[in-house]
Amino acid sequence: MFELPKLNYPYDALEPYFDKQTMKIHHTKHHQAYLDNFNKALENYPEIQNMSPEQILKGIDKLDVPEDIRSKIKNHGGGYINHNIFFDLLGPKKEINHELVKQIEEEYGNIKNMIGKFDKVANTHFGSGWTWLVKDETGKLKIYSLPNQDSPYTLGHTPIINLDLWEHSYYLKYQNKRAEYIENWWNVLKIM
Ligand code: MN3
């Protein structure tokens, strides 16, 4: 069965941008619930439990499971992996990924251009979902939003960074000011 990854920082480490209460609820309630439901969906499928979560999502269309289980894997497995990535990329101290920065500069001219594009995509996303910077099948960077807990893995893309746009990720602190949350997230995204 899959497990909840521990955070490498305390819940209050991302203050003042991300508040302690939101971080704690997000990790111990929301992330935990996706994990629990993912494990529950797989309880009768030991052969799938032996795969990595990423492999499961990459091959979701080929899994030999009923459609209701496939849909649970997509939603809860997606939610589990999306949050694994999200929390892992946050931190109180920058740990710049220089290789990524170089690729961004090559493809977008500079970091600011990429951030501008990413923010625009995030700010115009309607409803719940995530905004992604991914590498496509050719290794080129792409920015897009996906609804709900949909994963770039199911499109054959590799996630690089992701931003949670579900209200549970910001509402306690930011209420209706989602743009402010999006702007402040860059301060706690450790790799850039
Ligand atoms: Mn979330």
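For ligands, and for the atoms within them, numbers begin at 1 and follow the listed sequence.
The residues Asp19 and Lys173 are annotated as not salt-bridged, no charged nitrogen and carboxylate oxygen being separated by less than 4.0 angstrom. Ion pair Lys102/Glu105 not flagged as a salt bridge, since none of the NZ, NE, NH1 or NH2 atoms sits closer than 4.0 Å to an Asp/Glu carboxylate oxygen.
Qualifying side-chain contact (heavy atoms from CB on, under 4.5 Å) partners for Leu155, counting only residues two or more places apart in sequence or in other chains: Tyr144, Leu146, His157. When the side-chain contact (heavy atoms from CB on, under 4.5 Å) test is applied to His31, the partners found at least two apart in sequence or on another chain are Leu4, Pro5, His27, Tyr80, His83, Asn84, Phe87. Under the side-chain contact (heavy atoms from CB on, under 4.5 Å) criterion, Gln103 pairs with Glu107, Lys135, Leu141, sequence neighbours left out.
Among Thr131, Leu189, Ile85, the single residue meeting the side-chain contact (heavy atoms from CB on, under 4.5 Å) criterion with Asn162 is Ile85.
Around the Mn ion (ligand 1), protein atoms of type N, O or S found under 2.8 Å number 4.
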